[in-house]
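For reference, the structure discussed in these notes is given below.
Not measured: the values here are computed from a predicted model.
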There are 2 protein chains.
Amino acid sequence: MAQSKKRVDALHLDEQLCFTLYSTVHLLNRTYRPLLEELGLTYPQYLAMLVLWEEDDVTVKALGERMLLDSGTLTPLLKRLEAAGLVKRERDVLDERQVRIRLTATGRALRAKAECVPVSILEASGLDVEELRDLKERVLAIREALSARLEEEPPPPTASRRHKTG
Amino acid sequence: MAQSKKRVDALHLDEQLCFTLYSTVHLLNRTYRPLLEELGLTYPQYLAMLVLWEEDDVTVKALGERMLLDSGTLTPLLKRLEAAGLVKRERDVLDERQVRIRLTATGRALRAKAECVPVSILEASGLDVEELRDLKERVLAIREALSARLEEEPPPPTASRRHKTG
DNA sequence: CACGATTCCATTGCGCGCAATGCACCTGGG
DNA sequence: CCCAGGTGCATTGCGCGCAATGGAATCGTG
């Protein structure tokens, strides 16, 4: 009864799931940092390596679809991975618009050193495997909902309301 | 039986809760962007305004503790809010190390235009209020676990194992 | 084949996040 | 009062994210 508002205030920072997600992701990044530092990787670079360890020789576009990132982010990131000697970037011979990303021997070898990372993170999160799977599914549902919205909404580019709204 | 691995591969991108959180936060940001664009704010700027709408006249340090950000991020952000005419930054008279952030009339007035933002986001997320609260609590638990780790672990700065490990 | 549309990647500009560093200011012990 | 240590903010440098733009290659249609 000491609260000044009876209903929750939707504009209150601590009420917001979005802020919780936002700040948790930053703390996750800080938790990853010292682990990945030993691999010479940042977190987004680590994600790119995860994709390549699954399937070598992918295009920038394919990588972007897996990571949900565009070329504006990936191009410089991949150049840094190349400078680090982990991957090679070469134009596709059959379609020179595409750039294919391939692991070097060093890049493939790095996977062994990365094996311990997920375990450390799981431990730091304080979750058991059950909770983790459940939580992942729930957050994925949000991501899918947002993704669907983002693909549908932006059509009105010029002007002109479409004839039917629904 | 078509799977090449029986146990889940911890290094598989889609298995990872962390990547799900990471990519979901980016999609959330993209969902916020057009909404906040009408307020002339980015998402972190919006978070700072949320804090100030709760409690005006706070120090940079206090703001950083609420948002879990440091001065390296906040100083330029607050300068942009000041340039936009939403806040004022002034040294505390009693302790000139501190900078106090105060809303301008424009900044206070902006709250009205922000009222509709949480509703739009909730709608886009496809969640009901029950799920949202539960999910927030669960993610908060992770954040607390990570936060505790990050405050404890880094002590070994120089060398010298401490006499007792536990 | 010609040519407009599309696809794929690269580049630019801006705003975070954050580690590292620096500096002015305050504080406590002598 | 003095000075060593701590505190609070600013600055620098780097790596994302992403919108916007551009250019080269390819495709589709005639």
Side-chain angles (χ1 to χ4, degrees), chain A residues 19 21-34 36-37 40-49 58-65 67-84 89-101 146 150 154 157, chain B residues 19 21-34 36-37 40-49 58-65 67-84 87 89-101 150 154 157:
Chain A
F19 170 65
L21 289 171
Y22 165 88
S23 52
T24 300
V25 163
H26 289 330
L27 288 193
L28 266 174
N29 198 356
R30 291 180 218 169
T31 305
Y32 270 105
R33 193 180 304 272
L36 295 180
E37 204 161 320
L41 295 175
T42 65
Y43 183 66
Q45 289 168 8
Y46 167 70
L47 293 181
M49 294 302 287
V58 296
T59 65
V60 173
K61 177 178 177 54
L63 202 53
E65 285 171 351
M67 297 174 64
L68 303 185
L69 295 174
D70 68 355
S71 73
T73 300
L74 286 177
T75 297
L77 185 153
L78 292 170
K79 283 184 177 177
R80 282 186 282 271
L81 287 182
E82 186 175 39
R89 300 162 57 248
E90 290 169 1
R91 291 275 165 189
D92 188 309
V93 195
L94 298 179
D95 183 347
E96 294 211 347
R97 290 173 305 181
Q98 301 185 134
V99 169
R100 308 201 69 89
I101 312 299
L146 296 175
L150 287 169
Chain B
F19 170 65
L21 290 170
Y22 164 88
S23 52
T24 300
V25 163
H26 289 329
L27 287 193
L28 267 174
N29 198 357
R30 289 180 220 171
T31 305
Y32 270 106
R33 192 180 305 272
L36 296 181
E37 204 162 322
L41 295 175
T42 64
Y43 183 66
Q45 289 168 7
Y46 167 70
L47 293 181
M49 295 301 288
V58 297
T59 65
V60 173
K61 178 178 175 56
L63 202 54
E65 285 172 352
M67 298 174 63
L68 304 185
L69 294 174
D70 68 357
S71 74
T73 300
L74 287 177
T75 295
L77 185 153
L78 293 170
K79 284 185 176 177
R80 282 186 282 270
L81 287 182
E82 186 174 39
V87 306
R89 300 161 58 248
E90 290 170 359
R91 290 275 165 190
D92 187 307
V93 195
L94 298 178
D95 184 347
E96 295 210 347
R97 290 171 305 180
Q98 301 184 138
V99 169
R100 307 201 70 88
I101 311 299
L150 287 169

**OP:** Output yes when at least one side-chain N/O atom of A/Gln98 is less than 4.0 Å from OP1 or OP2 of D/dT26, else no.
**Re:** no
**OP:** Indicate whether OP1 or OP2 belonging to D/dG23 is found under 4.0 Å from a side-chain N or O atom of A/Arg97.
**Re:** no
Subject >> Short side-chain N/O contact to C/dC18 OP1/OP2 from A/Arg33, under 4.0 Å >> reply: no
Subject >> Nearest-neighbour nucleotide for the B/Arg30 side chain, D/dC16, D/dA25, D/dA19 considered >> reply: D/dA19
Original post:
Can you check whether B/Tyr22 has a side-chain N or O nearer than 4.0 Å to OP1 or OP2 of D/dG17?
Top reply: yes
Subject >> Proximity to the side chain of A/Thr73 - top-ranked nucleotide from C/dC16, C/dA24, D/dC18 >> reply: D/dC18
Original post:
Are any of the side-chain nitrogens in A/Glu90 or A/Arg100 under 4.0 Å away from the carboxylate oxygens of its partner?
Top reply: no
Original post:
Starting at NE2 of A/His26 and ending at P of D/dG15, how long is that distance when rounded to a whole Å?
Top reply: 18 Å
Original post:
What nucleotide among C/dC26, D/dT26, C/dC16 has an atom nearest to a side-chain atom of B/Pro44?
Top reply: C/dC16
Original post:
In whole angstrom, what separates A/Leu68's CG from D/dC18's C1'?
Top reply: 13 Å
Original post:
Does the side chain of B/Lys79 get closer than 4.0 angstrom to OP1 or OP2 of D/dT11 through an N or O atom?
Top reply: yes
Original post:
Of B/Leu77 and B/Asp70, whose nearest nucleotide on DNA chain C comes first from the 5' end?
Top reply: B/Leu77
Original post:
Among C/dA10, C/dC16, D/dC9, which is the nearest nucleotide to the side chain of A/Val99?
Top reply: C/dA10
**OP:** Can you tell me the distance, in whole Å, between the CG atom of B/Leu150 and the P atom of C/dG17?
**Re:** 17 Å
Original post:
Once you round it to whole Å, what is the distance between C1' of C/dC16 and OH of B/Tyr46?
Top reply: 18 Å
Original post:
Whole-Å distance between D/dA10 P and B/Arg100 CZ?
Top reply: 14 Å
Original post:
Base, sugar-phosphate, or nothing for B/Arg89, non-hydrogen atoms under 4.0 angstrom?
Top reply: sugar-phosphate
**OP:** Check the angle between the aromatic planes of A/Tyr22 and B/Tyr43 and answer parallel, tilted or perpendicular using the 30° and 60° thresholds.
**Re:** perpendicular
Original post:
Any donor and acceptor pair, going by atom type alone, linking the side chain of A/Thr73 with main-chain N or O of A/Leu69 inside 3.5 Å?
Top reply: no
Subject >> Euclidean distance, atom CG of residue A/Leu74 to atom P of C/dT11 [Å, nearest integer] >> reply: 14 Å
**OP:** For A/Asp92 and for A/Thr42, locate the closest nucleotide of DNA chain D by heavy-atom distance; then report the residue assigned to the nucleotide nearer the 5' terminus.
**Re:** A/Thr42
Original post:
At under 4.0 Å between heavy atoms, what does B/Leu94 touch on the DNA or RNA strands: base, sugar-phosphate, or nothing?
Top reply: sugar-phosphate
**OP:** Kindly point out which of D/dA19, C/dC16, C/dC18 is positioned nearest to the side chain of B/Arg80?
**Re:** C/dC16
Subject >> Proximity to the side chain of B/Val60 - top-ranked nucleotide from C/dC8, D/dC9, C/dA10 >> reply: D/dC9
Original post:
For B/Arg91 and D/dC9, is the shortest distance between a side-chain N/O and OP1 or OP2 below 4.0 Å?
Top reply: no
**OP:** Begin from the C-alpha positions of B/Glu82 and B/Arg89 and carry the test salt bridge (Lys or Arg N to Asp or Glu O under 4.0 Å) through to its verdict.
**Re:** CA-CA 7 Å; B/Glu82 186 174 39; B/Arg89 300 161 58 248; 3.2 Å; yes
Original post:
Does D/dC9 have OP1 or OP2 sitting under 4.0 Å from an N or O in the side chain of B/Ser71?
Top reply: no
**OP:** Give a yes or no answer on whether the side chain of A/Ser71 reaches the backbone of A/Leu74 with a donor-acceptor pair at less than 3.5 Å.
**Re:** no
Original post:
Can you tell me how far P of C/dA10 sits from CG of A/Leu78, to the nearest Å?
Top reply: 8 Å
Original post:
Toward the 5' end of DNA chain D, which comes first, A/Leu69 or A/Val93, by nearest nucleotide?
Top reply: A/Leu69
**OP:** May I have the distance from A/Leu27 (atom CG) to C/dG17 (atom P), rounded to whole angstrom?
**Re:** 13 Å
Original post:
Is a salt bridge present between A/Glu65 and A/Lys61, judged by a nitrogen-to-oxygen distance below 4.0 Å?
Top reply: yes
